[in-house]
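Along the sequence shown, the residues carry numbers beginning at 1.
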Amino acid sequence: MSSTGEHPSDGGGRTAERITKVDHVALAVPSMADAVPFFRDVIGGTFLCGGDNDETGVRLMHWMLPGFKLELMQPLRNDSLISETMRRRGPGFHHMTFLVDDIPRTVEALRADGYEPIDTDTRLSAWNETFLSPRATFGALLQFVSTDQRWDTPTQDYTCEDVLAGRIVWRDYIACIREDCKTA
C-alpha cells in the first residue's frame, strides 16, 4: 500500500531493480549485555562491529548469524528513538535493511512505485539511506542503503566486550575508541 493508501496499479517494480540484497534485520533490545549471550553462544553469531552513537543515543552491534546479519539496538538514554519505539511496542523487530545501488535513484523508484521515502540522508558515501514508514509497509520500517564500505567482515580493532563497556563510539560511520575520538 502506498502512502496515499492505494496500491500502484501499473505493475511498478522499479524499486526491485535497485535492490542488490537484504543486508540485515534489526532488533531493539533493552540490554545488549543480556542479548549477546543468546545471539553469540546459543545461535552461534560472530561479532562484526558495534559502538555507541552519542548523537542518537543508541548502542549498536552487528552479528553474522547463519545465513544473515542481525543488528542489535539498545537505547542509551530516554530521549533516543529506540526508547520511544520500545515504550510504544516493546523490544523486538525494529527494521529491515536492503542494500541498493544508488539512493537518489532508489528514492525516484520508490516514488514512481507510489511510495514516499522519509529521512533520506546522502551526506556520507559510507552510508546513504532512506526509509519507508511502517504505515506504508504493513507495519515494518524498511531502510534502503547504498554504501562504499563492507559491513560483513568482523573487525579486528576492538571486541564485543569493548562495545558493551561503552569504549567504542561511531563518528560518521567509523567506529573508534572513545578516548581517541575526543582528540579527533
Side-chain angles (χ1 to χ4, degrees), residues 1-29 39 45 48-75 79-153 170-175:
M1 184 169 66
S2 74
S3 58
T4 62
E6 300 174 5
H7 291 275
S9 59
D10 67 355
R14 291 166 282 262
T15 302
E17 296 169 7
R18 307 264 65 90
I19 297 172
T20 59
K21 73 176 192 171
V22 173
D23 185 64
H24 67 270
V25 171
L27 300 179
V29 298
F39 291 104
L48 295 173
C49 64
D52 295 351
N53 183 325
D54 292 337
E55 185 178 315
T56 62
V58 176
R59 176 168 292 154
L60 304 170
M61 272 195 196
H62 282 248
W63 291 86
M64 184 59 72
L65 300 176
F68 76 100
K69 230 169 65 176
L70 175 73
E71 177 180 38
L72 299 177
M73 306 172 75
Q74 173 192 318
D79 66 343
S80 76
L81 290 176
I82 300 302
S83 291
E84 179 57 30
T85 299
M86 289 180 64
R87 278 192 290 276
R88 285 192 328 268
R89 299 187 318 202
F93 178 82
H94 185 267
H95 69 269
M96 176 185 256
T97 300
F98 296 92
L99 289 183
V100 298
D101 59 353
D102 180 83
I103 286 299
R105 291 171 60 194
T106 299
V107 167
E108 289 174 16
L110 286 164
R111 288 182 176 144
D113 285 336
Y115 297 85
E116 188 54 41
I118 59 173
D119 299 330
T120 301
D121 184 349
T122 58
R123 291 175 291 137
L124 300 168
S125 63
W127 197 261
N128 283 221
E129 66 186 0
T130 196
F131 296 85
L132 287 179
S133 166
R135 285 183 284 279
T137 61
F138 307 98
L141 178 64
L142 299 182
Q143 179 183 43
F144 300 85
V145 171
S146 66
T147 179
D148 62 5
Q149 304 290 313
R150 291 277 317 258
W151 297 99
D152 57 354
T153 304
W170 286 98
R171 296 283 190 266
D172 296 329
Y173 297 98
I174 298 170

Just wondering, do [Y] and [X] contact through their side chains at under 4.5 Å, heavy atoms?
X    : Y    : result
E71  : M61  : no
D119 : E129 : no
F144 : V107 : no
H24  : Q143 : yes
P91  : V29  : no

Look only at the side chain of [X] and the backbone of [Y], and say whether a donor-acceptor pair between them is shorter than 3.5 Å.
X    : Y    : result
T20  : D101 : no
N53  : V58  : no
D113 : Y115 : no
N128 : I103 : no

Roughly how far, to the nearest 0.5 Å, is the [atom2] atom of [Y] from the [atom1] atom of [X]?
X    : Y    : atom1 : atom2 : answer
F131 : L110 : CZ    : CG    : 12.5 Å
T130 : E116 : OG1   : CD    : 8.5 Å
R123 : D172 : CZ    : CG    : 7.5 Å
S83  : Q74  : OG    : CD    : 9.5 Å
L141 : I118 : CG    : CD1   : 6.5 Å

Requested in this report: Describe, in one word, how the ring planes of W151 and W170 are oriented to each other, choosing from parallel (under 30°), tilted (30 to 60°) and perpendicular (over 60°).
Outcome: tilted
Requested in this report: Could you point out which residue of V25, I82, L81, L27 forms a side chain to side chain contact (heavy atoms under 4.5 Å, CB included) with H94?
Outcome: I82
Report task. Apply side-chain contact (heavy atoms from CB on, under 4.5 Å) to the pair S146 and V100, showing each step before the final yes or no. Result -> CA-CA 5 Å; S146 66; V100 298; 4.2 Å; yes
Query - Pair R14 + E17: basic N to acidic O under 4.0 Å - result: no
Query raised in the report: Do D102 and R18 sit within salt-bridge range, that is, some charged N less than 4.0 Å from a carboxylate O?
Result: no
Query - Stepwise salt bridge (charged side-chain N to carboxylate O under 4.0 Å, His left out) test for R105 and E108 - result: CA-CA 5 Å; R105 291 171 60 194; E108 289 174 16; over 6 Å; no
